[in-house]
2 protein chains.
Amino acid sequence: MLDDATARETVVAAADRLFYARGVQSVGMDAVRSEAGVPLKRIYALFRSKEDLVVAVLALRTKQWADGVERAAAGAGSPRERILAVFDFLDAWFREDGFRGCAFINSFGELGATSPRIADAVREHKESFRDHLLALVREAGLPDAVAVQVVLLVEGAQTTAAITHDADVARQARQAAAALLDAA
Amino acid sequence: MLDDATARETVVAAADRLFYARGVQSVGMDAVRSEAGVPLKRIYALFRSKEDLVVAVLALRTKQWADGVERAAAGAGSPRERILAVFDFLDAWFREDGFRGCAFINSFGELGATSPRIADAVREHKESFRDHLLALVREAGLPDAVAVQVVLLVEGAQTTAAITHDADVARQARQAAAALLDAA
DNA sequence: ACGGTGAGAGAACGGTCGTTCTCTCGTGGG
DNA sequence: CCCACGAGAGAACGACCGTTCTCTCACCGT
């Protein structure tokens with residue numbers, strides 16, 4: 001038998017794939033079971049409910065997002081370049097097969113009204129990203145307001161790319177962000 | 001008995017309220033029936049399926065969005081002011097009770113992967129708004145690229161306002177848009 | 001070698017969904 | 001006055017959901 005930690009990871013990764021591709025409510029727990037290859041009994045020993053599993057999936061996505069943003073920023077020198085590197089990260093992501101927008105925005109739209117725990121998880125994720133950007137903006141010696149402006153471009157790029165299937169919006173968002181940084 | 005046209009309007013308006021507040025899949029057809037006060041049999045005579053009803057709801061929202069944008073622009077003089085008026089429209093909307101983000105983005109995240117018709121309706125709505133903005137941008141004598149930049153701010157403002165419950169992002173998005181118009 | 005522990009597979013359960021059907025009853029024409 | 005029509009209310013239906021339970025069997029210490 002797999003130990004609890006790796007079983008958890010397997011289930012969360014499988015659920016993430018399915019939830020992201022089809023939406024949460026369109027995926028039954030039987031499908032998660034099949035995708036993960038972990039018995040339903042075990043899944044319910046690891047997660048009290050489907051809602052718990054969704055929260056765990058969002059926690060995974062939060063870590064992946066933070067890692068991706070950090071890795072993209074690694075090659076950049078100035079704070080300004082580290083801010084703009086976020087859009088290079090988006091660019092690569094938008095081009096991935098099966099890109100379907102921001103999992104947090106999608107989950108919020110689907111379940112935010114009925115599940116406070118999921119709504120909170122989404123809010124915390126977005127707040128932590130805004131805080132990260134705020135730190136970079138301050139490092140760059142720019143006014144705080146710029147951070148929110150960049151956040152708006154990042155969010156807008158994600159939803160627009162998802163709906164239009166046009167990965168080029170990442171480049172356009174980057175140019176807009178650069179213009180806003182220059183203007184500030 | 002209500003004639004077909006008004007019965008249709010009643011059902012679509014009721015479904016819109018419920019779907020927007022709770023998400024589509026969280027609302028059963030019985031709830032639509034209660035909210036509208038129209039018998040289930042009648043609803044299924046007017047709409048072939050729940051999916052048809054969702055498409056009709058999105059069509060209503062498309063018209064309301066176009067009307068709202070046009071009304072906000074009515075008081076503005078220059079093309080530039082008509083572009084920025086979109087954000088005043090957003091500001092008022094974000095402050096409404098029960099604001100829960102863009103119904104199109106929410107529906108797309110929830111059902112876009114499983115219902116091509118809904119995905120198409122969302123895409124068409126977003127494209128028509130981008131085209132509208134593109135026309136204004138050209139009237140203002142600005143490069144086409146600015147239209148997409150403004151679209152990104154509009155989309156970003158909607159999702160961010162929904163998640164953070166902070167209506168002030170409309171003002172911040174307006175300032176960012178003004179800066180981008182100036183820079184172009 | 002063997003009995004017990006616990007894991008896996010999937011059936012079962014109660015509930016809800018979208019959709020259709022049945023039954024009742026008010027109404028309008030002859 | 002009566003009958004046929006159609007509309008309304010809600011039961012019924014089959015499918016599927018999240019969650020739990022049952023049964024089987026492989027594996028372990030002694």
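Order of the sequence lines sets the chain letters (A, B, ...), proteins ahead of strands, with each chain counted from 1.
Between A:Arg33 and C:dG10 there is a side-chain polar atom (N or O) within less than 4.0 angstrom of OP1 or OP2.
Distance alone, capped at 3.5 Å, is enough to place a donor-acceptor pair between the B:Arg123 side chain and the A:Ile163 backbone. Side-chain N or O atoms of A:Asn106 include one that pairs as donor or acceptor with a backbone N or O of A:Arg100 at under 3.5 Å.
Considering CZ of A:Phe89 and CH2 of A:Trp65, their distance stands at 5.5 Å, rounded to 0.5 Å.
When distances run from any side-chain atom of A:Tyr44 to the nucleotides D:dC17, D:dT20, C:dA9, the shortest one goes to D:dT20.
Looking only at side-chain heavy atoms (C-beta outward), A:Ser107 and B:Glu110 stay at 4.5 Å or farther from each other. Residues A:Val12 and A:Phe47 meet the side-chain proximity criterion, which asks for heavy atoms closer than 4.5 Å. A 4.5 Å side-chain heavy-atom check between B:Phe87 and B:Arg171 finds every atom pair outside the cut-off.
Each end of the helix from C:dA1-D:dT30 to C:dG30-D:dC1 gets its own rotation axis from five pairs of C1' atoms, and the angle between them is 20° to the nearest 10 degrees.
Remark on DNA chain D: of its neighbouring residues A:Gln25 and B:Pro39, the 5'-side contact belongs to B:Pro39, judged by nearest-heavy-atom nucleotide.
Following rounding to the nearest Å, B:Met29 (CE) and D:dA11 (C1') show an atom-to-atom distance of 17 Å. Summarising the geometry, the separation between CZ on A:Arg42 and P on C:dG10 is reported as 18 Å, rounded to the nearest angstrom. Rounded to whole Å, atom P of D:dG6 lies 20 Å from atom CG of B:Leu40. One can place CZ of A:Phe47 at 15 Å from P of D:dG18, the figure rounded to the nearest angstrom. Distance B:Leu46 CG to D:dG8 C1': 14 Å, rounded to the nearest Å. Put simply, CG on A:Asp30 is 7 Å from P on D:dC17, counting in whole angstrom units. The distance between atom CD1 of A:Ile43 and atom P of D:dT20, rounded to the nearest whole Å, is 13 Å. Look at CG on B:Asp4: it is 12 Å from C1' on D:dA7, rounded to the nearest Å.
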Exercise. Assign a letter to each nucleotide of nucleotides 22-28 of chain C from its 5' end: B, base within under 4.0 Å of a protein heavy atom; S, sugar-phosphate only; -, no contact.
Key: B------
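Within the nucleic acid shown, A:Val27 comes within 4.0 Å of sugar-phosphate atoms alone, with no base atom in reach, counting heavy atoms only. Residue contacts shown for A:Val38 are absent, as no nucleic acid heavy atom lies under 4.0 Å away.
A donor atom on one side chain and an acceptor atom on the other are found under 3.5 Å apart for B:Asp3 and B:Thr6. A:Ser115 and A:Glu51 share a donor-acceptor pair across their side chains, judged by distance under 3.5 Å alone.
For residues 35-49 of chain B, the set of pairs meeting the salt bridge (charged side-chain N to carboxylate O under 4.0 Å, His left out) definition, not counting sequence neighbours, comprises B:Asp4-B:Arg42, B:Arg17-B:Glu35.
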